[in-house]
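Being a predicted model, the structure only gives us computed values, none of them experimental.
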Amino acid sequence: MIAQASARYMRVSPAKVRQVTDLIRGKGVTTSLAILMNVNKGSTKMISKVLGSAVSNAKQKGLSEDQ
């Protein structure tokens with residue numbers, strides 16, 4: 001089972017978002033949130049919001065936070 005989340009109509013360029021998502025891709029939730037807290041980019045707020053939504057969706061499906 002996969003839990004996913006997406007954001008649409010974000011007013012930031014995809015290249016800027018890709019810089020931040022490349023930093024957290026493949027890492028755990030707690031590590032990703034720690035990285036997002038320390039990165040000084042404007043898109044980190046939006047990405048952390050989407051990450052929180054994905055964690056919430058996983059909990060609704062019965063998965064743990066790390067899965």
Atom pair CG (Leu36) and NZ (Lys45), whose distance is rounded to the nearest 0.5 Å: 13.0 Å
Val17 side chain reached by Met46 side chain, heavy atoms, under 4.5 Å: no
Backbone of Gln4 reached by a side-chain donor or acceptor of Asn57 within 3.5 Å: yes
side-chain contact (heavy atoms from CB on, under 4.5 Å) against Val29, all qualifying residues, sequence neighbours excluded: Leu33, Val55, Glu65
Distance (rounded to the nearest 0.5 Å) between Leu23 CG and Thr44 OG1: 10.5 Å
Qualifying side chain to side chain donor-acceptor pair (under 3.5 Å) pairs with a residue from residues 23-38, counting only residues at least two apart or across chains: Asp22-Arg25
CD on Gln19 to OG on Ser13, rounded to 0.5 Å: 8.0 Å
By side-chain contact (heavy atoms from CB on, under 4.5 Å) - contacts of Ala34 (at least two apart): none
Nearest-0.5 Å distance that lies between atom OG in Ser43 and atom CE in Met10: 6.5 Å
Cluster overlap Ile35 with Val50, hydrophobic side-chain contacts below 4.5 Å: no
Test item: Ser53 side-chain N/O and Lys49 main-chain N/O as donor-acceptor pair under 3.5 Å: no
Lys41 side-chain N/O to Val20 backbone N/O, donor-acceptor pair under 3.5 Å: no
Minimal non-hydrogen separation, Ser64 against Ala58, with atom names: O-CB, 4.4 Å
